[in-house]
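Every value quoted in this text rests on a predicted model; they were computed, and no experiment measured them. Below, chain A is the first sequence line, B the second, and so on; all start at residue 1.
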Amino acid sequence: MTRTLAREVAKKIGETVTVRGWLHKKRLLGGLNFITIRDRSGLVQTLVDNKDELEKLRGLQIGTVLSLRGTVVADERAMGGAELHDVKVEVEVPVTEEPPIEIDKPISHKSEHLDTLFEHRVLNIRNLQEQKIFKIRADLTRYIRAFLNDNEFIEIDTPKLLAEPTEGGAEVFKLDYFGKTATLAQSPQFYKQIMVGAFERVYEIGHSYRAEPSATTRHLTELTMLDIEMGFVADHDEVLDMVADMTQYTLRRVYDEHADDLRTLNAPELKLAEDNKVPRFTIAEIHDMYTKATKTDTTQEKDLIPDEERWISDYARKQLGTDLVYAVRFPIEAGKFYHKLDVEDGTVLWGDLLFRGLEISTVPLRENNYEKMVQQMKDAGLDIEHEGFKYYLQAFKYGLPQHGGCGFGIDRLVQKTIGLANVKEATLFPRDINRLTP
RNA sequence: GGGCUCGUAGUGAAGUGGUUAUCACGCCUCCCUGUCACGGAGGAGAUCACCGGUUCAAAUCCGGCCGAGCCCGCCA
């Protein structure tokens, strides 16, 4: 028997159809009883007025898997303008245990309830409002892939199991690997640069692992990163423009195609500049502006403090009409060995893309000259003979063009697009310093 | 890693020393032919996170411990 989806029911007035899905809501009025079914397409209401059919549902809880066969009748009073009548009930999978949360009601996202949210994730992800977040997430990455594929980027996959921590920076997880010590990749940095030597333009959407003991609203230990690397770029500006274009394309499209869902999720109105430009301020400029505006002196900081990120984003939205802003030219002491340095200026050719007060991407130009790389690694106190650098340096030794790219936090993009308070809310099964389940 | 805050039925909350710990939703029974946060009557469900202390008396005060949240540092 062919299955009809909830969203197709209204198109089949007068036909006898079978809908299959989960029991979503029972409204029992005595002789007249409304049973709402949920499937992947949404909800459909059925009218059960036969006592024997209704009795099949006695003692069965929300979540029971049902197959309902009935005649589609147009009725203004039903959701979607149609409902099933003369329904025959078949219980496919009975559920007799009462669920620990109410699936048909919006799930609380207050910070003090996040523990409950994730403890009951298996069930609350059945809530239609909750599902919107992850449908939007799926499409955000779909649009990103569309943009990058159209611009001749090749999607790659790189290993997450690595031999040694070599990149520096974030703390890495260590694990036993048949008697050796392996680490989980904190980013695909080395591999994506290596791949520039083959494909010029590459990207990866995958997991990265950070063992930082950070307990904040913007940190995960397992995060989803979009990593992009682009060869033969003329300068840093070309990389900044490409990431800005991609981000704006993605945001405009998601606000267009998911307008209703974003509204019901209380997402902020999207503001982007008419000319598609993302304003840029140097770190030094932001320190000066912030210090003048708030009387808090940050001019000695090497990076932006979180409040400065919020402040400059607020400034960009109110004064320049855009939710996106670049903080560029970090002080040279903040750079890593693979960054392109502007020694005269004392800065690194590195920009952070801020979206609604949060850093969502780092966008640097890389040093591509083999001799300079080796020197910068030595200056950083690294052992260039180390196994972990051997293969990486081969790519440079045998010819890498000037290149740059970005590490882009997908979880944070989803969070800020929707206006969620905590990055974990944008993640199905978040991993943080004290959560490994579910 | 540092600081601050919070743990009360399945879920969310009220209760700041005094009889049997209160309410809403959910659940169970019954009534109800147009519900969509259905309505009405009744019912079950809580060792007040845990351990110890103060007190005639502790959910409430004190100490410890476990768990959680937020901010900072660091990062995407």
Side-chain angles (χ1 to χ4, degrees), chain A residues 24-36 43-51 54 58-62 73 75-80 83 85 96-120 123-124 167-171 186-189 206-228 243 301-307 309-310 334 336 352-355 358-364 406-416 421-424 426-427 432-435:
Chain A
H24 184 74
K25 187 76 183 173
K26 290 194 267 191
R27 290 196 183 85
L28 310 181
L29 280 67
L32 189 66
N33 305 286
F34 297 100
I35 306 298
T36 309
L43 301 175
V44 63
Q45 176 167 286
T46 66
L47 181 60
V48 181
D49 47 9
N50 181 299
K51 282 205 161 32
L54 184 70
R58 179 177 287 271
L60 297 182
Q61 304 286 339
I62 304 305
V73 173
D75 195 316
E76 292 270 314
R77 296 168 294 186
M79 61 170 98
E83 62 190 3
H85 282 201
T96 52
E97 290 285 318
E98 182 189 352
I101 56 165
E102 292 168 61
I103 293 163
D104 61 317
K105 293 193 176 155
I107 310 301
S108 172
H109 277 246
K110 286 183 183 172
S111 61
E112 61 266 37
H113 301 155
L114 288 184
D115 195 45
T116 311
L117 180 76
F118 299 125
E119 200 53 41
H120 299 296
L123 296 178
N124 67 43
E167 192 184 323
E171 292 289 320
Q186 55 170 298
S187 87
Q189 184 64 38
H207 283 174
S208 289
Y209 302 86
R210 307 278 167 92
E212 299 285 349
S214 301
T216 77
T217 52
R218 56 191 186 281
H219 286 91
L220 296 163
T221 52
E222 182 179 57
L223 51 133
T224 305
M225 290 263 286
L226 161 67
D227 273 274
I228 302 176
V243 174
E301 301 278 345
K302 67 172 184 174
D303 196 352
L304 300 179
I305 66 171
D307 198 48
E309 294 181 349
R310 291 186 283 267
K336 290 182 185 169
D352 270 1
L353 181 60
L354 305 173
F355 178 39
L358 184 65
E359 175 190 341
I360 58 165
S361 184
T362 59
V363 191
C406 72
F408 196 113
I410 295 295
D411 312 278
R412 288 183 177 185
L413 174 68
V414 177
Q415 177 203 349
K416 283 296 174 181
N422 192 314
V423 69
K424 293 168 201 166
T427 312
D432 63 27
I433 54 172
N434 37 35
R435 182 171 283 281

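Nucleotides B:A13 and B:C50 have their C1' atoms positioned 23 Å apart, rounded to a whole Å. When the C1' atom is used for both B:A76 and B:C27, the distance is 44 Å, rounded to whole Å. Nucleotides B:G34 and B:G39 are separated by 15 Å at their P atoms, to the nearest Å. When the C1' atom is compared between B:A59 and B:G7, the two are found 11 Å apart, to the nearest whole Å.
Counting any heavy atom pair closer than 4.0 Å across all strands shown, A:Leu29 reaches a base atom. Residue A:Phe408 is classed as having no contact, given no heavy-atom separation below 4.0 Å to the nucleic acid. Within 4.0 Å (heavy atoms only), A:Leu47 reaches at least one base atom of the nucleic acid. At a threshold of 4.0 angstrom between heavy atoms, the contacts of A:Asn422 are confined to the sugar-phosphate backbone, with no base atom among them. A:Pro100 comes within 4.0 angstrom of the backbone, heavy atoms only, and of no base. A:Leu226 comes within 4.0 angstrom of no nucleic acid atom, judged by non-hydrogen atoms across all strands. Using a 4.0 Å heavy-atom criterion, one finds that A:Glu83 contacts the bases of the nucleic acid, with or without backbone contacts as well. Contacts of A:Ile360 with the nucleic acid, taken as non-hydrogen atoms under 4.0 Å apart, involve only primed sugar atoms and P, OP1 or OP2. Heavy atoms of A:Ile305 sit under 4.0 angstrom from primed sugar atoms or phosphate atoms, though from no base atom.
Within the shown strands, nothing qualifies as a pairing partner of B:A21 under the Watson-Crick or G-U definition with both distances less than 3.5 Å. Partner assigned to B:G42 is B:C28, using Watson-Crick or G-U wobble distances below 3.5 angstrom. For B:A9, there is no paired nucleotide, since no Watson-Crick or G-U wobble pair has both relevant distances below 3.5 Å. In this structure, B:U47 makes no Watson-Crick or G-U wobble pair, since no nucleotide meets both defining distances under 3.5 angstrom. Base-pair partner of B:C70: B:G3 (Watson-Crick or G-U wobble, both distances under 3.5 Å). With a 3.5 Å ceiling on both atom-pair distances, B:A59 lacks any Watson-Crick or G-U wobble partner.
Two residues, A:His85 and A:Leu304, neighbour RNA chain B, and the one matched to the more 5' nucleotide by heavy-atom proximity is A:His85. Comparing A:Glu301 and A:Lys424 by the nucleotide of RNA chain B whose heavy atom lies nearest to each, the residue mapping closer to the 5' end is A:Lys424.
A sub-4.0 Å separation between OP1 or OP2 of B:C38 and a side-chain N or O of A:Gln45 is absent. Contact check, A:Arg27 against B:C38: a side-chain N or O comes under 4.0 Å of OP1 or OP2. Close to B:C70, at under 4.0 Å from its OP1 or OP2, lies no side-chain N or O of A:Arg218. Under 4.0 angstrom from either OP1 or OP2 of B:C38 there lies at least one side-chain N or O belonging to A:Lys25. Dashed line: the shortest gap from a side-chain N or O of A:Arg310 to OP1 or OP2 of B:C71 is not under 4.0 Å. Note on A:Thr216: every side-chain N or O is 4.0 Å or more away from OP1 and OP2 of B:C70. Listed pair A:Asn434 / B:A68 meets the phosphate criterion, a side-chain N or O lying under 4.0 Å from OP1 or OP2.
Between A:Lys26 and A:Asn33, the closest side-chain pair of non-hydrogen atoms is not below 4.5 Å.
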Show the distances under 3.5 angstrom between N or O atoms of the protein and N or O atoms of nucleotides 12-15 of chain B.
{"residue": "B:G12", "atom": "OP1", "partner": "A:Thr116", "partner atom": "OG1", "Å": "2.8"}
{"residue": "B:G12", "atom": "O3'", "partner": "A:His113", "partner atom": "NE2", "Å": "2.6"}
{"residue": "B:A13", "atom": "OP1", "partner": "A:His113", "partner atom": "NE2", "Å": "2.8"}
{"residue": "B:A13", "atom": "OP2", "partner": "A:His113", "partner atom": "NE2", "Å": "3.0"}

**OP:** Might you work through the side chain to side chain contact (heavy atoms under 4.5 Å, CB included) test for A:Leu220 and A:Asp411, ending with a clear yes or no?
**Re:** CA-CA 9 Å; A:Leu220 296 163; A:Asp411 312 278; 3.7 Å; yes
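Just one residue in the list A:Val363, A:Thr362, A:Ile360 forms a side-chain contact (heavy atoms from CB on, under 4.5 Å) with A:Val243, and that residue is A:Val363.
In the set B:C38, B:G34, B:G69, the nucleotide with an atom closest to the side chain of A:Ser111 is B:G69.
A salt bridge links A:Arg435 to A:Glu119: one of the charged nitrogens lies within less than 4.0 Å of a carboxylate oxygen.
A donor and an acceptor atom, one from each side chain of A:Thr116 and A:His113, are nowhere located under 3.5 Å apart.
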